[in-house]
Amino acid sequence: MRLSQYPINTVKETPSEAEVISHQLMLRAGMIRRVAAGIYSWLPLGLRTLRKVEAIVREEMNRAGAFELLMPAIQPAELWQESGRWTEYGPELLRLKDRHERNFVVGPTHEEVITDIARREIKSYRQLPVNFYQVQIKFRDEVRPRFGVMRAREFIMKDAYSFHADERSLAEGYAAMRQAYTRMFQRMGLDFRTVQADPGAIGGNASEEFQVLAASGEDAIAISDADDFAANVELAPALAPAAPRPPPTQPLERIPTPGAHTIEQLAALLKVPATRCLKTLIVDGSDGTPVALLLRGDHDLNAVKAQKLPAIANPLRMASAAAVHAATGCAPGSIGPVGLTGLRVYADHAALAMADFVCGANQHDVHYTGANWRRDMPEPAGADLRNVVAGDPSPSGNGQLQIVRGIEVGHIFQLGRKYSAAMNATVLDESGAAIPMLMGCYGIGVTRIVAAAIEQNHDQRGIIWPDPIAPFNVCLVPLNLQKSPRVRGLADALYAELSAAGIDVLYDDRDVRPGVKFADAELLGIPHRVVVGERGLDAGTLEYRHRRATDSEDFAQRGALEFLRSRLQCAQPA
RNA sequence: CGGGGCAUGGCGCAGUCUGGUAGCGCAUCUGCUUUGGGAGCAGAGGGUCGCAGGUUCAAAUCCUGCUGCCCCGACCA
């Protein structure tokens with residue numbers, strides 16, 4: 001591609017709307033433009049990378065035996081009413097009416113449509129298993145779209161749905177997708193982890209996320225430093241401390257703590273570490289009566305874990321100030337388990353391991369010091385209620401946990417019968433009985449991958465594309481092109497040769513100063529740069545530099561194609 | 001949905017408090033010079049100051065309403 005003819009505008013200044021680096025660089029490099037909140041156009045340069053990502057996804061889905069189809073973006077409300085999600089889904093679901101006042105949705109996902117297809121097309125267990133996928137535009141009316149295409153409202157997703165006659169087949173189909181996903185992300189050159197995830201409201205027995213590691217990621221992931229254990233912090237188990245609880249050594253004392261209503265204020269006032277303070281939270285119970293949750297002061301409540309307790313309302317809600325007062329006789333900030341009666345109490349395992357601790361006295365601005373379980377109050381039921389923190393022992397039994405951040409680019413589920421049962425998608429088994437099919441579903445955020453790749457691969461000057469998803473692999477930079485016929489002759493010839501060899505070359509034949517060409521090549525993130533300058537003309541050399549390298553190297557004009565091929569590695573078809 | 005903020009040429013911003021002929025940088029166009037790290041000089045084009053009312057001799061500026069967007073929080077397969 002001749003850059004002089006390519007429609008692209010790079011921008012020096014960072015647009016004020018962009019907060020994260022990938023969004024800034026995608027705008028500056030001219031990959032995307034914003035059309036409305038969370039809605040973007042992909043310009044030709046950005047689309048080249050998007051298509052390369054899609055191509056890898058399709059190749060690996062096809063390799064895994066899945067079949068591509070295409071479902072509509074606009075779906076009739078009837079299907080959503082049938083599955084129950086017309087009322088369950090909430091405001092993220094964009095609903096609209098046609099001219100006949102019929103209800104439709106802009107699909108945020110396609111379980112209903114694919115299940116409808118399956119029940120019409122699949123009649124016998126002999127047609128199973130089968131896996132359908134599509135690459136489609138989805139719409140989720142996010143409350144707060146942000147980070148460019150990373151959390152957009154309209155986005156491109158690869159979604160796949162598998163159908164099975166029995167659990168074993170479902171597990172096999174799931175494993176095949178797990179492997180296909182692993183291959184895809186490896187091929188894209190991304191540093192990612194496969195992590196255990198919360199199946200959430202969808203249910204099912206297995207669910208894993210594929211997380212691209214990046215400091216700006218929205219998800220927290222716990223990984224072991226000694227094996228391959230990785231889980232979303234939402235569900236990573238916090239093991240109970242192994243050491244027995246120390247015996248009490250201090251007397252229980254009431255002390256005034258004016259104005260100290262947070263653990264930080266309390267710890268500062270009493271000059272004790274937060275680990276010696278007990279945090280008491282009051283949440284709504286499933287039957288209307290509040291529930292008290294006790295945590296060590298430095299730990300955070302894990303809502304996903306807590307709302308799985310039957311006594312606690314799901315979803316989890318903090319009790320109102322009035323309910324807290326009614327239950328404890330005190331406002332939040334001085335609540336504690338001593339003398340707390342009339343409501344159920346759960347304590348995190350780490351809280352139960354404390355001795356001689358500080359806790360609220362259920363009287364405004366008063367706390368206890370030297371509090372101890374059993375001696376001063378009943379020992380409550382233990383539960384895993386907290387987020388794991390760095391340094392916790394790994395649930396795998398090996399090593400300690402570290403907390404890293406990730407961008408969720410893929411998620412695979414074993415759905416089970418939720419949709420097939422609701423929508424009556426059955427097949428006849430060997431005995432001729434109608435059984436609902438088992439389903440798996442498997443998503444990949446295609447547009448999000450592009451942003452995630454940039455979050456993970458950039459520097460001060462711009463993007464650094466991994467070769468397999470680079471919009472162009474080689475940037476050919478001739479210097480003094482307009483004045484030097486020798487440079488032009490050499491650069492034209494090299495451009496023709498590389499293009500003929502099937503390499504994606506961006507030929508910067510613009511009449512601009514060298515600094516502009518270098519800066520743009522680096523902003524766009526083209527991995528390999530070849531400079532044709534008068535310096536090397538007489539010596540018969542060209543100049544090569546990888547986008548990550550700090551220095552250039554000379555190489556011979558003769559055999560230039562072979563030299564570059566050796567540097568391109570995965571840019572060539574296998 | 002709660003809180004905070006912004007809206008002035010394609011982009012980034014000043015001007016608003018204290019009303020008086022709309023400005024700067026980048027980008028764009030023309031000419032000359034320059035050509036190994038985002039060039040210099042000279043010139044040019046481009047803005048109903050988000051929208052609608054109101055106050056005033058006069059509104060980007062003051063008042064009212066609306067819309068869009070950004071940030072924090074809450075929410076979220």
Side-chain angles (χ1 to χ4, degrees), chain A residues 8-20 23-24 27-30 33-39 43 80 83-85 88-93 107-112 138-148 151 153 155 157 159 161 197-204 207 209 218-219 232 234 303-304 307 314-318 408 410-413 415 418-419 441-445 460-462 477-484 487-488 508 510-524 529-537 542-543 545 550-552 554:
Chain A
I8 188 171
N9 266 317
T10 57
V11 179
K12 257 189 269 187
E13 288 173 286
T14 302
S16 60
E17 71 188 64
E19 197 187 353
V20 295
H23 190 194
Q24 293 171 359
L27 290 170
R28 288 187 52 206
R33 293 290 182 244
R34 194 183 68 87
V35 178
I39 300 177
L43 303 184
W80 286 73
S83 72
R85 291 208 288 184
E88 280 170 18
Y89 205 97
E92 271 191 1
L93 181 63
T109 174
H110 282 72
E111 280 85 4
E112 282 80 3
K138 310 278 196 201
F139 193 93
R140 293 182 189 175
D141 200 356
E142 296 278 348
V143 190
R144 188 146 92 83
R146 60 186 129 175
F147 307 146
R151 179 166 287 279
R153 293 195 292 173
F155 57 99
M157 186 176 191
D159 49 326
Y161 307 89
D198 178 31
I202 278 205
S207 171
E209 293 165 346
E218 293 188 274
D219 292 335
N232 195 306
E234 285 182 345
V304 171
Q307 67 199 14
N314 187 348
L316 181 108
R317 285 183 307 270
M318 298 305 291
E408 181 188 347
H411 201 157
I412 57 178
F413 289 92
L415 275 182
K418 173 169 171 148
Y419 297 93
C441 78
Y442 319 93
I444 287 186
Q460 296 283 38
R461 298 168 184 270
V477 182
L479 301 183
N480 205 10
L481 180 72
Q482 323 302 331
K483 291 274 177 65
S484 168
V487 168
R488 176 176 291 278
D508 194 347
R510 295 177 299 174
D511 182 15
V512 295
R513 297 169 68 87
V516 175
K517 297 187 179 188
F518 293 144
D520 276 346
E522 284 155 352
L523 175 60
L524 301 193
R529 186 182 83 186
V530 175
V531 175
V532 182
E534 288 177 306
R535 279 184 192 167
L537 276 181
L542 298 164
E543 208 174 283
R545 182 148 149 191
T550 50
D551 294 305
S552 302
D554 290 337

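Small disclaimer: the values here were computed from a predicted structure and weren't measured. Computation of the quantities below employed the complete heavy-atom set of this structure, encompassing side-chain atoms and omitting hydrogens, waters and symmetry-equivalent molecules. Each chain gets a letter, A, B and so on, in the order its sequence line appears, and its residues count up from 1.
One atom, CZ of A:Arg85, and another, C1' of B:rC76, lie 14 Å apart when rounded to the nearest Å. The CD-P distance, from A:Glu543 to B:rG36, rounds to 12 Å in whole Å. A straight line from CG of A:Asn9 to C1' of B:rG12 spans 15 Å, rounded to a whole angstrom. Regarding A:Arg151, its CZ atom lies at a distance of 14 Å from the P atom of B:rC75, rounded to whole Å. Between the CG atom of A:Leu479 and the P atom of B:rG38 there is a distance of 13 Å, rounded to whole Å. Atom CG of A:Asp508 and atom P of B:rG37 are 15 Å apart (whole Å). Nucleotide B:rA74 holds its P atom 13 Å from the CG atom of A:Leu316, rounded to whole Å. Atom-to-atom, CG of A:Leu27 to C1' of B:rC26 comes out at 16 Å; the value is rounded to the nearest Å.
Look at A:Glu111 and A:Lys418 and you find no salt bridge, because none of the NZ, NE, NH1 or NH2 atoms lies under 4.0 Å from a carboxylate O. Using a 4.0 Å cut-off between charged nitrogen and carboxylate oxygen, A:Arg28 and A:Glu13 do not count as a salt-bridge pair. Between A:Glu19 and A:Arg146, none of the side-chain N atoms (NZ, or NE/NH1/NH2) sits under 4.0 Å from a carboxylate O, so this pair counts as no salt bridge. A salt bridge is defined here as a Lys NZ or Arg NE, NH1 or NH2 lying under 4.0 Å from an Asp or Glu carboxylate O, and A:Asp554 with A:Arg535 fails to meet this definition.
Remark: the backbone N or O of A:Leu479 is not paired with any side-chain donor or acceptor of A:Lys517 at under 3.5 angstrom. Checked by atom type and distance alone, the side chain of A:Arg153 pairs as donor or acceptor with a backbone atom of A:Ala37 at under 3.5 Å. Listed for the A:Tyr161 side chain is a donor-acceptor partner under 3.5 Å among the backbone atoms of A:His110. Between the A:Ser83 side chain and the A:Trp80 main chain, a donor and an acceptor come within less than 3.5 Å of each other. With hydrogens and angles ignored, the 3.5 Å screen pairs a side-chain donor or acceptor of A:Gln307 with a backbone N or O of A:Leu316.
You'll find that the side chain of A:Val11 is closest to B:rC11, out of B:rC11, B:rG37, B:rC1. Listed nucleotides B:rA39, B:rG37, B:rC71 differ in distance to A:Glu522; the shortest reach to its side chain belongs to B:rG37. Listed nucleotides B:rC75, B:rU35, B:rC11 differ in distance to A:Asp511; the shortest reach to its side chain belongs to B:rU35.
Among the atoms of the strands shown, base atoms are found under 4.0 Å from some heavy atom of A:Arg545. Residue contacts shown for A:Gln482 are absent, as no nucleic acid heavy atom lies under 4.0 Å away. A:Arg28 comes within 4.0 angstrom of a base, heavy atoms only. Among the atoms of the strands shown, base atoms are found under 4.0 Å from some heavy atom of A:Arg461. Here A:Glu209 lies out of heavy-atom contact (under 4.0 Å) with every strand. Within 4.0 Å of A:Arg510, counting heavy atoms only, lies no atom of the nucleic acid at all. Contact annotation for A:Asp520: base contact, defined as any heavy-atom pair under 4.0 Å involving a base atom. Among the atoms of the strands shown, only primed sugar atoms or phosphate atoms (P, OP1, OP2) are found under 4.0 Å from some heavy atom of A:Arg34.
Within the 4.0 Å cut-off from OP1 or OP2 of B:rC72, at least one side-chain nitrogen or oxygen of A:Arg144 is found. Side-chain N/O atoms of A:Arg513 include none lying less than 4.0 angstrom from OP1 or OP2 on B:rG38. Considering only side-chain N and O atoms, A:Arg535 lies nowhere under 4.0 angstrom from the phosphate OP1 or OP2 of B:rG36. A close approach under 4.0 Å does not occur between any side-chain nitrogen or oxygen of A:Ser16 and OP1 or OP2 of B:rC11.
The nucleotide B:rC11 finds its pairing partner in B:rG25, both defining distances of the Watson-Crick or G-U wobble pair being shorter than 3.5 Å. Nucleotide B:rU48: unpaired (no Watson-Crick or G-U wobble partner with both distances less than 3.5 Å). Remark: B:rA59 base-pairs with no nucleotide in the shown strands. Criterion, Watson-Crick or G-U wobble with two distances under 3.5 Å. Base pairing annotation: B:rC69 forms a Watson-Crick or G-U wobble pair with B:rG5, both donor-acceptor distances under 3.5 Å. Of all nucleotides present, only B:rU30 satisfies the Watson-Crick or G-U wobble test against B:rA42, with each distance under 3.5 Å. A 3.5 Å limit on both hydrogen-bonding distances identifies no Watson-Crick or G-U partner for B:rC76.
Between B:rG47 and B:rC76, the two C1' atoms lie 41 Å apart (nearest whole Å). Atom C1' of B:rG15 sits at a distance of 9 Å from the matching atom of B:rU8, rounded to the whole Å. When the P atom is used for both B:rG46 and B:rG10, the distance is 12 Å, rounded to whole Å. B:rC49 and B:rG31 have their P atoms separated by 34 Å, with the value rounded to a whole Å. Between B:rC26 and B:rC62, the distance separating the two P atoms is 30 Å to the nearest Å. B:rC66 and B:rA74 have their C1' atoms separated by 26 Å, with the value rounded to a whole Å. Across B:rC63 and B:rU18, the matching P atoms stand 10 Å from one another, rounded to whole Å. Straight-line distance between the P atoms of B:rG50 and B:rA22: roughly 15 Å, to the nearest whole Å.
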Distances under 3.5 Å between protein N/O atoms and the N/O atoms of nucleotides 5-10 of chain B, please, pair by pair.
none

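Along RNA chain B, the nucleotide nearest to A:Ala36 and the one nearest to A:Arg529 differ in position, and the one closer to the 5' end is contacted by A:Arg529. Residue whose closest nucleotide on RNA chain B sits further toward the 5' end, between A:Glu408 and A:Ala519: A:Ala519.
A donor-acceptor pair shorter than 3.5 Å cannot be found between the side chains of A:Thr14 and A:Gln24.
One can find a donor-acceptor pair under 3.5 Å joining the base of B:rG25 and the side-chain atoms of A:Glu13.
Within the 4.5 Å cutoff, the side chain of A:Glu92 has no heavy atoms near those of the A:Phe139 side chain.
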